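Notes follow once the structure below has been shown.
Source: prediction; values computed, not measured. Hydrogens, waters and symmetry mates play no part in the numbers below; they use all other heavy atoms, side chains included.
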Amino acid sequence: MARRILIVEDEIIVAMDLEATLGDFGFETVGIAADKSTALRLGATNTDVALVDVNLRDGPTGPEVGERLARDFGVTVVFLTANPRMLGNGVPGAFGVLPKPYDPHMIKQTLEYLLALDHDDARGAIPPAALTVFNPLQARL
């Protein structure tokens with residue numbers, strides 16, 4: 001089953017590259033959102049995972065976007081940012097953070113890991129080294 005992924009990124013070249021990368025790996029994108037209102041609108045459309053930057057077109061609204069996507073729509077949120085320290089010890093409801101610049105295989109490994117967590121045989125799943133999980137209990141079944 002392909003996961004539906006929302007890209008929340010205001011740098012269009014980065015967003016389009018990420019969209020192409022996800023497509024190459026067989027994932028479906030819901031769309032690209034450059035600001036909070038677009039992200040929340042798209043997040044309500046059967047989104048499974050959101051890759052969220054911290055700084056968006058409307059300022060450093062990424063943490064609020066991530067919290068609301070997780071809380072209001074049940075989206076699994078992974079931040080993808082060059083500023084992971086801005087997230088402190090995490091964002092309520094968000095899963096974790098990956099650093100930018102990203103490696104395409106790092107994205108693939110993270111999404112495969114999240115898919116494994118959805119299956120009964122996920123007990124041995126180990127998070128990718130680049131992924132910082134906010135709540136380690138969330139990463140284990």
In chain order, what residues pass the side chain to side chain contact (heavy atoms under 4.5 Å, CB included) check against Thr45, with sequence neighbours excluded?
Arg4, Val30, Thr47

Qualifying residues under side chain to side chain donor-acceptor pair (under 3.5 Å), relative to Asp17, sequence neighbours excluded:
Tyr102

Could you note down all residue pairs passing salt bridge (Lys or Arg N to Asp or Glu O under 4.0 Å) where residues 105-115 supplies at least one of them, sequence neighbours left out?
Lys108-Glu112

Going by the rule salt bridge (Lys or Arg N to Asp or Glu O under 4.0 Å), which residues pair with Asp35 if we only count those two or more places apart in sequence or in a different chain?
Arg57

Can you pull out every salt bridge (Lys or Arg N to Asp or Glu O under 4.0 Å) where at least one residue sits in residues 125-135? Sequence neighbours excluded, please.
none

Does the side chain of Glu28 come within less than 4.5 Å of Arg3's, by heavy atoms?
no

Applying side chain to side chain contact (heavy atoms under 4.5 Å, CB included), can you list everything that pairs with Pro63, at least two apart in sequence or on another chain?
Val54, Leu87, Val91

Side-chain atoms of residues 67-84: list all donor-acceptor pairs with protein atoms under 3.5 Å, sequence neighbours left out, distances to 0.1 Å.
{"from": "Thr81", "atom 1": "OG1", "to": "Asp53", "atom 2": "OD1", "distance (Å)": "3.3"}
{"from": "Thr81", "atom 1": "OG1", "to": "Asn83", "atom 2": "N", "distance (Å)": "2.9"}

pair Thr110-Leu98: side-chain heavy atoms closer than 4.5 Å
yes

Does Glu19 have any side chain to side chain contact (heavy atoms under 4.5 Å, CB included) partners at least two apart in sequence or in another chain, and if so, which?
Ile7, Thr29, Ile32

Would you mind listing every salt bridge (Lys or Arg N to Asp or Glu O under 4.0 Å) that reaches into residues 73-95, with sequence neighbours excluded?
none

Please determine whether the number of non-hydrogen atoms from other residues, nucleotides or ligands lying under 6.0 Å from atom CD1 of Ile12 exceeds 12.
yes

With Asp58 via salt bridge (Lys or Arg N to Asp or Glu O under 4.0 Å) - residues at least two apart
none

